[in-house]
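To start, the structure under review is shown below, and the notes come after it.
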Amino acid sequence: MARTIQSLERAAAVLRLLAGGERRLGLSDIASAIGLAKATTHGLLRTLQQEGFVEQDPVSGRYQLGAELLRLGNSYLDVHELRARALVWTDDLARASGESAYLGVLHQRGVLIVHHVFRPDDSRQVLEVGAMQPLHSTALGKVLAAYDPVAHNEALEGDFAPITEQTVTDPAAFERDLERVRSRGWASEAGETWEGVASIAAPIMDRRRMPVGAVGITGAEERVCPDGALSPRLIAAVRDCARAVSRDLGAGRF
(Lines give C-alpha, C1' and ligand atoms only; values in the text may rest on other atoms or scores of the structure.)
Protein backbone atom coordinates (compact mmCIF):
# COMPACT_ATOMS: atom_id res chain seq x y z
CA MET A 1 0.00 0.00 0.00
CA ALA A 2 1.31 3.45 -0.91
CA ARG A 3 2.38 5.60 2.02
CA THR A 4 0.24 8.61 2.86
CA ILE A 5 1.46 12.04 3.93
CA GLN A 6 0.46 12.52 7.56
CA SER A 7 0.37 16.32 7.50
CA LEU A 8 -2.05 16.30 4.57
CA GLU A 9 -4.28 13.77 6.31
CA ARG A 10 -4.37 15.97 9.39
CA ALA A 11 -5.12 19.11 7.37
CA ALA A 12 -7.94 17.26 5.60
CA ALA A 13 -9.32 16.21 9.00
CA VAL A 14 -9.37 19.84 10.13
CA LEU A 15 -11.20 20.97 6.98
CA ARG A 16 -13.78 18.19 7.27
CA LEU A 17 -14.38 19.09 10.90
CA LEU A 18 -14.92 22.77 10.08
CA ALA A 19 -17.19 21.84 7.16
CA GLY A 20 -19.69 20.12 9.45
CA GLY A 21 -21.36 20.86 12.74
CA GLU A 22 -20.84 24.29 14.26
CA ARG A 23 -19.85 27.17 12.01
CA ARG A 24 -16.85 28.16 14.12
CA LEU A 25 -14.66 26.13 16.45
CA GLY A 26 -11.94 27.03 18.93
CA LEU A 27 -8.42 25.61 19.01
CA SER A 28 -9.17 23.29 21.94
CA ASP A 29 -12.31 21.94 20.27
CA ILE A 30 -10.46 21.21 17.04
CA ALA A 31 -7.46 19.61 18.76
CA SER A 32 -9.72 17.39 20.87
CA ALA A 33 -11.87 16.34 17.91
CA ILE A 34 -8.95 15.24 15.71
CA GLY A 35 -6.86 13.85 18.57
CA LEU A 36 -3.80 16.08 18.28
CA ALA A 37 -1.89 18.31 20.67
CA LYS A 38 -2.83 21.99 20.68
CA ALA A 39 0.59 23.03 19.41
CA THR A 40 0.36 20.66 16.44
CA THR A 41 -3.20 21.70 15.69
CA HIS A 42 -2.28 25.37 15.91
CA GLY A 43 0.49 24.84 13.37
CA LEU A 44 -1.95 23.19 10.97
CA LEU A 45 -4.47 25.98 11.40
CA ARG A 46 -1.84 28.67 10.91
CA THR A 47 -0.71 27.08 7.64
CA LEU A 48 -4.28 26.62 6.39
CA GLN A 49 -5.01 30.23 7.32
CA GLN A 50 -2.00 31.50 5.38
CA GLU A 51 -3.26 29.63 2.31
CA GLY A 52 -6.77 31.05 2.69
CA PHE A 53 -8.45 27.73 3.48
CA VAL A 54 -9.22 28.71 7.08
CA GLU A 55 -10.17 32.05 8.62
CA GLN A 56 -9.95 33.11 12.28
CA ASP A 57 -12.51 35.40 13.84
CA PRO A 58 -10.53 38.34 15.33
CA VAL A 59 -12.93 38.72 18.26
CA SER A 60 -13.61 35.16 19.42
CA GLY A 61 -10.44 33.56 18.05
CA ARG A 62 -12.50 30.73 16.62
CA TYR A 63 -11.83 29.19 13.22
CA GLN A 64 -14.01 28.63 10.18
CA LEU A 65 -13.56 27.62 6.55
CA GLY A 66 -11.93 30.26 4.35
CA ALA A 67 -13.02 31.81 1.08
CA GLU A 68 -10.25 30.13 -0.92
CA LEU A 69 -12.19 26.87 -0.67
CA LEU A 70 -14.95 28.51 -2.70
CA ARG A 71 -12.52 28.99 -5.56
CA LEU A 72 -11.48 25.34 -5.43
CA GLY A 73 -15.06 24.17 -5.02
CA ASN A 74 -16.11 26.00 -8.15
CA SER A 75 -13.20 24.73 -10.23
CA TYR A 76 -15.25 21.73 -11.36
CA LEU A 77 -17.30 24.11 -13.47
CA ASP A 78 -15.18 24.62 -16.55
CA VAL A 79 -15.33 28.10 -18.05
CA HIS A 80 -16.06 26.53 -21.43
CA GLU A 81 -19.11 24.79 -19.96
CA LEU A 82 -20.34 28.07 -18.49
CA ARG A 83 -19.87 29.76 -21.86
CA ALA A 84 -21.63 26.91 -23.68
CA ARG A 85 -24.62 27.13 -21.34
CA ALA A 86 -24.80 30.89 -21.83
CA LEU A 87 -24.45 31.11 -25.62
CA VAL A 88 -28.11 31.08 -26.59
CA TRP A 89 -29.23 33.22 -23.64
CA THR A 90 -26.62 35.94 -24.21
CA ASP A 91 -27.54 36.06 -27.91
CA ASP A 92 -31.15 36.58 -26.86
CA LEU A 93 -30.07 39.24 -24.34
CA ALA A 94 -28.22 41.23 -27.00
CA ARG A 95 -31.22 41.06 -29.35
CA ALA A 96 -33.74 41.94 -26.62
CA SER A 97 -31.71 44.82 -25.21
CA GLY A 98 -30.15 46.15 -28.39
CA GLU A 99 -26.84 46.38 -26.50
CA SER A 100 -23.60 44.39 -26.22
CA ALA A 101 -23.83 41.39 -23.90
CA TYR A 102 -20.92 40.10 -21.82
CA LEU A 103 -20.20 37.02 -19.72
CA GLY A 104 -17.45 37.44 -17.10
CA VAL A 105 -15.69 35.38 -14.44
CA LEU A 106 -13.26 36.22 -11.66
CA HIS A 107 -9.63 35.99 -12.74
CA GLN A 108 -6.44 37.53 -11.32
CA ARG A 109 -8.16 40.26 -9.28
CA GLY A 110 -10.36 41.31 -12.18
CA VAL A 111 -13.17 40.22 -14.47
CA LEU A 112 -12.18 38.04 -17.42
CA ILE A 113 -14.57 38.37 -20.37
CA VAL A 114 -15.21 34.83 -21.62
CA HIS A 115 -18.04 35.62 -24.05
CA HIS A 116 -19.10 38.78 -25.90
CA VAL A 117 -22.10 39.25 -28.16
CA PHE A 118 -22.00 42.34 -30.38
CA ARG A 119 -24.67 45.00 -30.23
CA PRO A 120 -27.15 44.10 -33.00
CA ASP A 121 -26.58 47.05 -35.31
CA ASP A 122 -24.20 47.95 -38.11
CA SER A 123 -21.71 49.86 -35.96
CA ARG A 124 -18.06 48.84 -35.92
CA GLN A 125 -17.26 46.80 -32.80
CA VAL A 126 -14.24 44.97 -31.39
CA LEU A 127 -14.48 41.48 -29.89
CA GLU A 128 -13.50 41.70 -26.21
CA VAL A 129 -13.21 38.01 -25.31
CA GLY A 130 -10.09 37.65 -23.17
CA ALA A 131 -10.17 41.28 -22.02
CA MET A 132 -9.95 42.13 -18.32
CA GLN A 133 -12.26 44.57 -16.54
CA PRO A 134 -11.86 46.08 -13.04
CA LEU A 135 -13.80 44.66 -10.10
CA HIS A 136 -14.50 48.00 -8.44
CA SER A 137 -15.88 50.04 -11.34
CA THR A 138 -17.86 47.68 -13.59
CA ALA A 139 -21.30 46.12 -13.14
CA LEU A 140 -19.85 42.65 -13.79
CA GLY A 141 -17.15 43.24 -11.18
CA LYS A 142 -19.58 44.55 -8.59
CA VAL A 143 -21.80 41.50 -9.02
CA LEU A 144 -18.86 39.16 -8.48
CA ALA A 145 -17.62 41.17 -5.47
CA ALA A 146 -21.12 41.16 -3.96
CA TYR A 147 -21.71 37.41 -4.21
CA ASP A 148 -18.26 35.78 -4.30
CA PRO A 149 -16.21 36.08 -1.07
CA VAL A 150 -12.95 35.63 -2.98
CA ALA A 151 -13.84 38.42 -5.42
CA HIS A 152 -14.94 40.58 -2.49
CA ASN A 153 -11.59 40.18 -0.74
CA GLU A 154 -9.64 40.83 -3.93
CA ALA A 155 -11.67 43.95 -4.69
CA LEU A 156 -11.04 45.37 -1.21
CA GLU A 157 -7.33 44.59 -1.51
CA GLY A 158 -7.16 46.62 -4.74
CA ASP A 159 -6.15 50.24 -4.94
CA PHE A 160 -9.58 51.59 -6.05
CA ALA A 161 -7.83 53.57 -8.76
CA PRO A 162 -9.96 56.38 -10.23
CA ILE A 163 -10.62 55.64 -13.90
CA THR A 164 -13.08 58.47 -14.50
CA GLU A 165 -14.52 61.22 -12.32
CA GLN A 166 -17.44 58.90 -11.52
CA THR A 167 -15.36 55.94 -10.28
CA VAL A 168 -16.07 54.94 -6.68
CA THR A 169 -12.72 55.16 -4.88
CA ASP A 170 -13.88 54.93 -1.26
CA PRO A 171 -13.96 51.33 0.10
CA ALA A 172 -16.82 52.19 2.47
CA ALA A 173 -18.91 53.57 -0.39
CA PHE A 174 -18.04 50.48 -2.42
CA GLU A 175 -19.29 48.25 0.41
CA ARG A 176 -22.56 50.17 0.53
CA ASP A 177 -22.87 49.68 -3.22
CA LEU A 178 -22.41 45.93 -2.78
CA GLU A 179 -25.12 45.85 -0.13
CA ARG A 180 -27.51 47.38 -2.65
CA VAL A 181 -26.45 44.81 -5.23
CA ARG A 182 -27.23 41.94 -2.87
CA SER A 183 -30.56 43.43 -1.81
CA ARG A 184 -31.87 43.91 -5.35
CA GLY A 185 -30.04 41.09 -7.16
CA TRP A 186 -28.26 43.13 -9.84
CA ALA A 187 -25.54 45.76 -10.24
CA SER A 188 -25.12 48.86 -12.37
CA GLU A 189 -22.67 51.63 -13.08
CA ALA A 190 -22.73 54.75 -15.20
CA GLY A 191 -19.55 56.39 -16.39
CA GLU A 192 -17.35 54.73 -13.75
CA THR A 193 -15.15 52.90 -16.25
CA TRP A 194 -15.88 54.58 -19.58
CA GLU A 195 -17.31 58.09 -19.83
CA GLY A 196 -20.77 58.13 -21.36
CA VAL A 197 -21.16 54.35 -21.00
CA ALA A 198 -23.40 52.48 -18.55
CA SER A 199 -23.79 48.81 -17.71
CA ILE A 200 -26.09 46.41 -15.87
CA ALA A 201 -25.17 42.91 -14.65
CA ALA A 202 -26.59 40.02 -12.61
CA PRO A 203 -25.06 36.92 -11.02
CA ILE A 204 -25.00 33.39 -12.46
CA MET A 205 -25.35 30.64 -9.86
CA ASP A 206 -24.61 26.92 -10.04
CA ARG A 207 -26.63 24.02 -8.60
CA ARG A 208 -25.31 24.82 -5.11
CA ARG A 209 -26.41 28.44 -5.45
CA MET A 210 -22.76 29.49 -5.58
CA PRO A 211 -21.68 32.36 -7.89
CA VAL A 212 -19.77 31.17 -10.94
CA GLY A 213 -19.92 34.27 -13.13
CA ALA A 214 -21.89 37.33 -14.13
CA VAL A 215 -23.73 38.40 -17.26
CA GLY A 216 -24.55 41.90 -18.32
CA ILE A 217 -25.00 44.53 -20.98
CA THR A 218 -23.07 47.69 -21.78
CA GLY A 219 -24.18 50.65 -23.86
CA ALA A 220 -24.38 54.40 -24.19
CA GLU A 221 -25.79 56.11 -21.10
CA GLU A 222 -28.57 57.79 -23.07
CA ARG A 223 -29.89 54.34 -24.08
CA VAL A 224 -29.25 52.40 -20.85
CA CYS A 225 -30.37 55.33 -18.67
CA PRO A 226 -33.07 57.19 -20.61
CA ASP A 227 -34.29 60.26 -18.77
CA GLY A 228 -31.42 59.81 -16.30
CA ALA A 229 -32.68 56.52 -14.77
CA LEU A 230 -31.83 52.93 -15.55
CA SER A 231 -34.28 51.30 -17.94
CA PRO A 232 -36.50 48.78 -16.07
CA ARG A 233 -36.83 46.84 -19.31
CA LEU A 234 -33.06 46.39 -19.57
CA ILE A 235 -32.74 45.45 -15.90
CA ALA A 236 -35.42 42.78 -16.39
CA ALA A 237 -33.72 41.47 -19.54
CA VAL A 238 -30.37 41.06 -17.76
CA ARG A 239 -31.93 39.37 -14.74
CA ASP A 240 -33.95 37.01 -16.95
CA CYS A 241 -30.78 36.03 -18.82
CA ALA A 242 -28.88 35.38 -15.58
CA ARG A 243 -31.71 33.27 -14.21
CA ALA A 244 -31.97 31.26 -17.42
CA VAL A 245 -28.25 30.41 -17.44
CA SER A 246 -28.39 29.61 -13.72
CA ARG A 247 -31.32 27.25 -14.30
CA ASP A 248 -29.33 25.49 -17.02
CA LEU A 249 -26.55 25.01 -14.47
CA GLY A 250 -28.99 23.45 -12.02
CA ALA A 251 -29.61 26.40 -9.71
CA GLY A 252 -33.39 26.26 -10.04
CA ARG A 253 -35.38 29.40 -9.30
CA PHE A 254 -33.84 32.25 -7.25
Determine whether L45 and T47 satisfy the following criterion, side-chain contact (heavy atoms from CB on, under 4.5 Å), listing intermediate values before the conclusion. CA-CA 5 Å; L45 289 167; T47 301; over 6 Å; no
Side chain to side chain donor-acceptor pair (under 3.5 Å) evaluation trace for S137 with T193: CA-CA 6 Å; S137 65; T193 308; 2.9 Å; yes
CA sep, side-chain torsions, deciding dist, call: L87, R83, side-chain contact (heavy atoms from CB on, under 4.5 Å): CA-CA 6 Å; L87 284 176; R83 182 177 179 275; 4.1 Å; yes
What's the verdict on side-chain contact (heavy atoms from CB on, under 4.5 Å) for L65 and F53, showing C-alpha distance, side-chain angles and the deciding distance? CA-CA 6 Å; L65 293 178; F53 299 136; over 6 Å; no
So E128 and Y102, side chain to side chain donor-acceptor pair (under 3.5 Å) or not? Walk me through it. CA-CA 9 Å; E128 295 183 47; Y102 295 87; 2.9 Å; yes
Residues E221, V197; criterion side-chain contact (heavy atoms from CB on, under 4.5 Å); working and verdict: CA-CA 5 Å; E221 280 193 53; V197 175; 5.6 Å; no
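Residue pairs meeting the salt bridge (charged side-chain N to carboxylate O under 4.0 Å, His left out) criterion with at least one partner in residues 93-103, sequence neighbours excluded, are D92-R95, E99-R223. Applying the salt bridge (charged side-chain N to carboxylate O under 4.0 Å, His left out) test to pairs two or more places apart or on separate chains, none has a residue in residues 158-173. Note on residues 134-147: pairs passing salt bridge (charged side-chain N to carboxylate O under 4.0 Å, His left out), not counting sequence neighbours, are K142-D177, K142-E192. Sorted by first and then second residue, the pairs that involve residues 195-204 and meet side chain to side chain donor-acceptor pair (under 3.5 Å), not counting sequence neighbours, are E189-S199.
In this structure, NZ on K38 lies 11.5 Å from CD1 on I30, to the nearest 0.5 angstrom. Of the inter-residue distances, the one linking L17 atom CG with I34 atom CD1 reads 7.0 Å to the nearest 0.5 angstrom. Within the model, atoms CG of N153 and CZ of R109 stand 9.0 Å from one another, a figure rounded to the nearest 0.5 Å. In this structure, NE2 on H42 lies 14.0 Å from CG on L36, to the nearest 0.5 angstrom. Note that the CG atom of L18 and the CZ atom of R24 stand 11.5 Å from one another [nearest 0.5 Å]. Distance check, rounded to the nearest 0.5 Å: CG of L27 to CZ of R46 gives 11.0 Å.
Contact record, A190 with Q166: O-CB, 3.9 Å, taken as the closest heavy-atom pair. Heavy-atom minimum distance, V215 versus C241: CG2-SG, 3.9 Å. Here the closest non-hydrogen pair linking S188 and A139 is CA-CB, 4.0 Å. Scanning both residues, P211 and Y147, for their nearest heavy atoms gives CG-O, 3.2 Å. In terms of heavy atoms, L230 sits closest to W186 at CD1-CZ3, 3.6 Å. Counting all heavy atoms, side chain and backbone alike, A161 lies closest to T167 at O-CG2, 3.7 Å.
Residues V245 and L103 are not in side-chain contact: their nearest non-hydrogen atoms beyond the backbone lie 4.5 Å or more apart. Between M205 and V212 there is no side-chain heavy-atom pair separated by less than 4.5 Å. Looking at heavy atoms from C-beta onward, Q49 lies in side-chain contact with Q56 at the 4.5 angstrom threshold. In this structure the side chain of V238 reaches within 4.5 angstrom of the side chain of L93, judged on heavy atoms. Between H152 and L178 there is a side-chain heavy-atom pair separated by less than 4.5 Å. Looking at L106 and L135, their side chains come closer than 4.5 Å, going by heavy atoms from C-beta outward. Side-chain contact check for V117 versus S100: every heavy-atom pair is 4.5 Å or farther apart. The side-chain heavy atoms of F174 and H136, taken from C-beta on, include a pair separated by under 4.5 Å.
Partners of D121 under the side-chain contact (heavy atoms from CB on, under 4.5 Å) rule, at least two apart in sequence or in another chain, are R119, S123, Q125.
Looking at S32, its side chain never comes within 3.5 Å of a backbone N or O of S28 through a donor-acceptor pair. Side-chain N or O atoms of D206 include one that pairs as donor or acceptor with a backbone N or O of R208 at under 3.5 Å. Side chain of R207 to main chain of L249: no donor-acceptor pair is present (N/O by atom type, distance under 3.5 Å, no hydrogens or angles). Remark: the backbone N or O of A86 is paired with a side-chain donor or acceptor of T90 at under 3.5 angstrom.
Through side-chain heavy atoms spaced under 4.5 Å, either directly or across other Ile, Leu, Val, Met, Phe, Trp or Tyr residues, L127 is tied to F118, V129.
Residue R184 places its CZ atom among more than 12 non-hydrogen atoms of other residues, nucleotides or ligands, all under 6.0 Å distant.
Taken together through direct or relayed side-chain contacts under 4.5 Å among Ile, Leu, Val, Met, Phe, Trp and Tyr, W194 and V224 form parts of separate hydrophobic clusters.
W89 and D240 share no side-chain donor-acceptor pair at under 3.5 Å.
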